[in-house]
There are 2 protein chains.
Amino acid sequence: MATGRTHRPATRSRGIPEATVARLPLYLRALTALSERSVPTVSSEELAAAAGVNSAKLRKDFSYLGSYGTRGVGYDVEYLVYQISRELGLTQDWPVVIVGIGNLGAALANYGGFASRGFRVAALIDADPAMAGKPVAGLPVRHTDELESIIRDNGVSIGVIATPAGAAQQVCDRLVAHGVTSILNFAPTVLSVPEGVDVRKVDLSIELQILAFHEQRKAGEESAAPADLAAAGATAADAAASPAARAGADGGRKGPDGDVPAVMPA
Amino acid sequence: MATGRTHRPATRSRGIPEATVARLPLYLRALTALSERSVPTVSSEELAAAAGVNSAKLRKDFSYLGSYGTRGVGYDVEYLVYQISRELGLTQDWPVVIVGIGNLGAALANYGGFASRGFRVAALIDADPAMAGKPVAGLPVRHTDELESIIRDNGVSIGVIATPAGAAQQVCDRLVAHGVTSILNFAPTVLSVPEGVDVRKVDLSIELQILAFHEQRKAGEESAAPADLAAAGATAADAAASPAARAGADGGRKGPDGDVPAVMPA
DNA sequence: CCATCTTTGTGCACGCGTTCACAAAGACAT
DNA sequence: ATGTCTTTGTGAACGCGTGCACAAAGATGG
């Protein structure tokens, strides 16, 4: 998956491990799908498969919530949907503001996954006066000046930052100053916030870089096994000394079948 | 931050822990910023602060890469930028395709963070014939039919899926069939892929749900402290012993305002 | 050349998360 | 009722990641 964790250090909430909390939405989605197909019950095995996790892990996760589930039968889908929703706080309405209505901000505003989960986009905010009033996803873009009143009037406690990196900290500070205590940050910056404020970060380029790392490793292992050994043996000092030598090493990519690729694409 | 990890189980790549790999892009960004300001060296303390992590952790992370750094001085910025870039595979060009050019796909196509990191958008692909040829972010949208040739001709090994959930698995299968071995998935679905293919997932609504969980907890702690203590006191054993008792027990749960949920749904 | 001071690199301990494996709980059939 | 069969809930072991704390390395000054 794709996220990092600029998170609370180690404060486990109630008794529920952070890792479990992060999986609850996953289970919820799978359960919702089952619910729509009117499936009455699921076993941990089935549900785990649908959510893409280990069944033992799933059972343990649920055990933190309590003993829902019947031995020999499985879990009642509807009941579990309700319990998880409640645990995640989705039974209530969460007004959110999106700040920074560029390409990404607009895409977020249009994203359907929010509304369907109890999140209501209370306002779209942008610093550019030219944007003010322009309708995006059915809502008029408001100017940053209105930020405070918007937060106050709507009781907003969750903010989404989709501004350029340079503006993010400033926007963050203003959000926090006016009462926002949870922030979802799409700007590629480390935000510093006071104690008690949660920040989660989504960084698109980081995800790609992680994939690139593994991709490189795959390519290297396959085609250049000896070269790889050499690289492993020769400590970084060597490799650094001659970047050219390295550039030549990762040429071979695996095709869909076993065909051995020729040279690297220029 | 914002991602999950539908990842390789436990196979640590080379000797570098997965957690470390995930932080390297963070360090790289901070270092790049320093580099642009022509700062020659940084201490682990300074860099750690800039990247938002613990300095001990940072030093340990770097120790996996090798012994770059001079005691009493710190790390050479330029050198470290190079080393990390190389380790992440960013010294080479990674052509990527983006499939599904809706709001999100278009936003991704326009996202500057890719190009600046060695990622090149080789093509934008959409299933809608009406989209074909339309320019997005300076590139003409191509139709799904061309998927295979695009991947082949460009040597694409990384694919980004930004389609609706329903189409994601199918797109994924086609990508994989034609040689893509790393996928960044924005569709809210669990993708199943063969061994050897890496999937990372970015799920916007999941991030919000996690924030909502903590937000709820914060609100609850404040207003319903005693109820919270009671819940903490009763160990799982109690609750497990009698599901009925439990159902009743969590009646007094912290709502934002203290509303008590009724009974369980049938 | 020696002393001092800074900063790295890492051994070690601890805690969280994952997984195995199984006993207990309940459904269902006889 | 009793027995069988399924599936949960969890105790226990293990491994990874984190953070402390310190020894070693090197710079710097005398």
Side-chain angles (χ1 to χ4, degrees), chain A residues 4-24 26-27 40-49 51-77 79-80 83 235-237, chain B residues 4-24 26-27 40-49 51-77 79-80 83 235-244 246:
Chain A
R5 202 153 291 166
T6 312
H7 217 45
R8 74 186 45 227
T11 333
R12 275 215 310 211
S13 330
R14 166 98 138 288
I16 306 184
E18 190 60 31
T20 295
V21 173
R23 280 188 295 266
L24 289 182
L26 226 57
Y27 302 144
T41 59
V42 270
S43 68
S44 62
E45 203 70 49
E46 293 166 328
L47 185 53
V53 303
N54 182 305
S55 73
K57 193 186 295 188
L58 178 142
R59 286 198 300 276
K60 180 144 288 190
D61 282 343
F62 285 174
S63 80
Y64 291 115
L65 307 185
S67 272
Y68 315 136
T70 308
R71 298 174 191 228
V73 175
Y75 298 93
D76 182 286
V77 172
Y79 184 53
L80 206 46
Q83 289 298 342
T235 41
Chain B
R5 205 154 291 169
T6 314
H7 216 43
R8 76 186 44 227
T11 332
R12 275 212 314 207
S13 332
R14 169 98 138 282
I16 305 184
E18 191 58 32
T20 295
V21 173
R23 279 188 296 266
L24 290 182
L26 226 57
Y27 302 144
T41 60
V42 270
S43 68
S44 63
E45 203 70 50
E46 294 167 327
L47 184 54
V53 303
N54 182 304
S55 73
K57 194 186 296 186
L58 177 142
R59 285 198 300 276
K60 181 148 292 190
D61 283 343
F62 286 174
S63 80
Y64 291 115
L65 306 187
S67 270
Y68 314 139
T70 309
R71 300 177 188 225
V73 176
Y75 298 92
D76 182 285
V77 172
Y79 185 52
L80 207 46
Q83 289 298 342
T235 45
D238 281 293
S242 130
R246 182 159 210 310

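By convention in this document, chain letters (A, B, ...) are assigned in the order of the sequence lines, proteins followed by strands, and residues within each chain are numbered from 1.
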Heavy atoms under 4.0 Å, any strand shown: does A/Tyr75 hit a base, just sugar-phosphate, or nothing?
->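 Touches sugar-phosphate only.
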
Determine the contact category for B/Thr20: base if any of its heavy atoms lies under 4.0 Å from a base atom, sugar-phosphate if only primed atoms, P, OP1 or OP2 are that close, otherwise nothing.
->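 Touches nothing.
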
If you check every side-chain atom of [X], which of [options] has the closest atom?
X: A/Ala19; options: C/dA25, C/dA27, C/dG17; value: C/dG17
X: B/Val73; options: D/dA27, C/dA27, C/dA24; value: D/dA27
X: A/Ser63; options: C/dG9, D/dG9, D/dG17; value: D/dG9
X: A/Thr70; options: C/dA27, D/dG9, D/dT7; value: C/dA27
X: A/Ala56; options: C/dC20, D/dG9, C/dT10; value: C/dC20
X: A/Asn54; options: D/dT7, C/dC20, D/dA27; value: C/dC20

Go through the structure and list residues passing side-chain contact (heavy atoms from CB on, under 4.5 Å) with A/Thr41, not counting sequence neighbours.
->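 Per chain and number, A/Thr41 pairs via side-chain contact (heavy atoms from CB on, under 4.5 Å) with A/Val73.
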
Atom OH of A/Tyr68 and atom C1' of D/dT10: how far apart are they, to the nearest Å?
->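 Those two atoms, OH and C1', are 17 Å apart.
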
Any [X] side-chain N or O less than 4.0 Å from OP1/OP2 of [N]:
X: A/Arg23; N: C/dT18; value: yes
X: A/Lys60; N: D/dT10; value: no
X: A/Ser44; N: D/dT8; value: yes

